[in-house]
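See below for the structure under consideration.
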Amino acid sequence: MVDTNILGCCWIELPSGRWFPRTSTSQFSKTSRCQLEVDVSWQDFISHAPEGDWATVARFRIHSFDIECAGRKGIFPEANVDPVIQIANVIQLHGDGDVLTRNVFTLKSCAPIGHADVFCYDNEVDLLCAWADFVRELDPDIFTGYNINNFDFPYLLERATYLKVSNFEYLGRLLNVRSVIKETVTQTKIGKRTYKTINFEGRVPYDMLLVTKRDFKLRSYTLNSVCQEILGEQKEDVHYSIITDLQNGDEQTRRRLAVYCLKDAELPVRLLRRVLSFTNDVEMARVTGVPITSLLTKGEQVKVVAQLLRHGKQAGYFMPSHQGTGGADQFEGATVIEPVRGYYTDPIATLDFSSLYPSIMIAHNLCYSTLLKSTTAKTKLGLSDDQVTRTPANCTFVRSSVRSGLLPQILQHLLAARKKTKALLKEAKDPVLQAVLNGRQLAYKISANSVYGFTGAQNGKLPCLEISGSVTAYGRAMIEQTKREVEAHYTVANGYESDAKVIYGDTDSVMVNFKVKTLERSMELGREAAESISTKFIDPIRLEFEKVYYPYLLINKKRYAGLYFTRPDKYDKMDCKGIETVRRDNCPLVADVIGTCLRKLLIDRDPGGATNYAKQVISDLLQNNVDISQLVITKELTKNDYAGKQAHVELMKKIKKRDPGNAPKVGDRIPYVITASTKNAKAFEKAEDPIYVLENSIPIDAKYYLENQLSKPLVRIFQPILGDNAESILLRGEHTRTKTVVTSKVGALAGFAKKKEICLGCKSVLPKDRETEAVCAYCRPKESTIYQQELGHHRMLENRFSELFTECQRCQGSLHEEILCTSRDCPIFYIRKKVQMELESSKMKIARFGKPVLQDDEMLSN
DNA sequence: GCGAGATCCTAC
DNA sequence: TAAGGTAGGATCTCGC
């Protein structure tokens, strides 16, 4: 055996020519082989299905369910105390439009439901037993629901164990194998976290909460909010404290609960049908060779490891088991070209390296198995200069003529497979097949891109900073070279109309101002430049012309907006990068205003209209005419211990005391609004739960929203267009005068402040002895007219309220029941609440006019 | 008032 | 044995 460990980081060459890990045999059998075995076990029966066999995917049986438990006030349900009272089930075949079955298992009687079977049980043990039997008989391929991994499944299993329900836990397809909760406690730098995993041999738990969190960037991830965003429909949101009351009522209130529960089981199925994520995940599982569940519960690493194992085995390699060094040295990343900030009314062409990092790794044969670790390795192995490559990061790799690396092979396979899939996609007619192929080509792309990250993951399975550092170093050199080539070639001296200028670039792209007037010419030059510069790089590195921005607003590094053209005749979209419109850490008001202003500026090219609009919004804001749902800021709670004080963290602590059952946990996004308070109060002291604010009429700090939320983003987008007086135009003017704020029901002063009654006609303060009257002496002659006005206003509010009420009833699917919904994601909820308050106050105003006088016809009719 | 540091979220 | 990476803007708190 020849030890050549200088070649490669930890590989040993055996006489047979095969490559084995340097780790001992015992370690190998404990880790690598285990992984290989798991890799081809039953778990990914789907991922090993033949690649062309997409039709089988469409017939998987999906079982979606949702449980309700009777919790206690202020306490999150605990499985050894609070009973499971209902389980709703919805069954569907994947790819089918129609639901096969709907049913609900209830504790105690429940009135019949038109569209679902109802099974009632007198005791909980029978209910759970029957449900488990139902699952086994149904024999689903896929379990789904919303938050089933972290709530419904663990709760059911814990509850069944507590109640000693016999045989409940046999929920998988293997006889005699129980589904058990495995808890792993991990200590990260973020804090202590426990993960729960449950085995269901032969079935795939596919939690839609995990899917939406992974695939969509949303302000809120409640089922309600997600459905609103993705399906465009709301569901009612019943506060957990009401559920117990409904259960303790009669068969009608339990039916009410069952309908609610059924909806929660049905929505995940609809989500699944809409987002096609399962199809994509099946493809991803096939491409990478990872069980589908891992795609939701684990990170990017497992995919790369699985591919390394699969391809490595084929090529005769074994993967070494790496001991995490916990190293913390960072390596240098990509270059971001210093932007030439401004508003461009010339077309700006964008050139991109496609799949930059994968193509670098292929082009330079960067791999664990081609790295020369020591400086003497080259001479020791007798390699000549043209057999090795020295990277800009000062690392040496052997060329593919000596040995072709494993990573480049994997990447080539992925890129070639993607190309093939895209060609098939072009010819595909069937929409299901199109979706499958699109998912597959996407999986190939994502897979290829995560290989680089894997080599740079220091706490990962097999980090190799020589590779990742070299990749980024090549990238930096390439973007610089591209910039130089463009600016050197496209000059007046070379016969072009102007000297081209690279105004910005990030990692793998350059934005070029060719200083030409038309889209056509810019595209033509862009294509030409991409073509000619590509020839200066090694295969398969390619620079491509992708799009033209016209006009283009370049605010800062990683912050810009522009109209995106791929053809000269019509823009594809307005593209915003890094600007408030795409960020979730501000309130919707800011995102909407900035979005609208940008559209007015870039699409309509109407700066006047944009400023007027912005001024109007500022005026509305200061006059409290902006709906509270527009002012809700959400931020993610990312850890348990924070160094400094922050609004969302302090609010979380407040809610924990007030309503512990509803307290947010790490990983949740916390919604809050900023309320008016003492003058120099910090923002974290003024943050409050939007619903609490609404229910207690706490005034909003409009000034905060103007000064700390709206003003800077507005100035940033207007300044490049209007110049330095943008700020004075927008923020100082008649429209910024403030109106008095509504008084609060809570707070230190609320008990002392005595509201002075004013005349409903001229708004003058009424003298003390006439406070109960509606108008002052001066307005007395006009009293009838003023009354009519108030009445008209009151009626308008009544109509508005009844419209909103009907809308909520429609949402909850019933027109003759009380509305229980308190969804903090629903704008209608906020408006309904607000109109209700206004209606109350209007009623009181009208009462001040006294009893209607009978002679008045108008009043008689009321 | 200013700068450092923490934090969030995004671009690539 | 849980975990792709770095660059970077914006905002807020806190200490000076």
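The model shown is predicted, which means the values in this text are computed figures rather than measured ones. Each chain gets a letter, A, B and so on, in the order the sequences are listed, and its residues count up from 1. Because only heavy atoms are used, hydrogens play no part in the values below, and waters and symmetry mates are left out as well, while side chains stay in.
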Are Asp724(A) and Gln719(A) side-chain neighbours, meaning at least one heavy-atom pair lies under 4.5 Å?
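SC-SC contact between Asp724(A) and Gln719(A) confirmed.
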Leu309(A) versus Lys313(A): any side-chain heavy-atom pair under 4.5 Å?
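Sidechains of Lys313(A) and Leu309(A): no contact.
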Where the side chain of Phe684(A) is concerned, which of dG8(C), dC14(C), dG4(C) is the nearest nucleotide?
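Nearest to the side-chain atoms of Phe684(A), counting from C-beta on, is dC14(C).
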Minimum-distance nucleotide to Arg559(A) side chain [options: dA3(C), dC14(C), dA10(C)]
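For Arg559(A), the side-chain atoms sit closest to dA10(C).
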Remember a base hit wins even if backbone is also touched, and classify [X] as base, sugar-phosphate or nothing at under 4.0 Å, heavy atoms.
| X | result |
| --- | --- |
| Arg716(A) | sugar-phosphate |
| Gly333(A) | sugar-phosphate |
| Val304(A) | nothing |
| Lys217(A) | sugar-phosphate |
| Phe331(A) | sugar-phosphate |

Could you check how far CG of Leu308(A) sits from C1' of dG4(C), rounded to whole Å?
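Rounded to whole Å, this separation is 13 Å.
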Geometric cation-pi criterion, Lys577(A) with Tyr560(A): 6.0 Å, 45°:
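Checked: cation-pi criterion not met.
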Can you give the dot-bracket line for DNA chain C, using ( ) for pairs inside the strand, [ ] for pairs that cross earlier ones, | for pairs with another strand and . for unpaired bases, where Watson-Crick and G-U count if both distances are under 3.5 Å?
....||||||||||||
Can you check each nucleotide of nucleotides 1-8 of chain B against protein heavy atoms at under 4.0 Å and return B for base, S for sugar-phosphate only, - for none, in 5' to 3' order?
-----SSB
Going by atom types alone, do Arg669(A) and Thr634(A) pair a side-chain donor with an acceptor below 3.5 Å?
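There is such a pair between these side chains.
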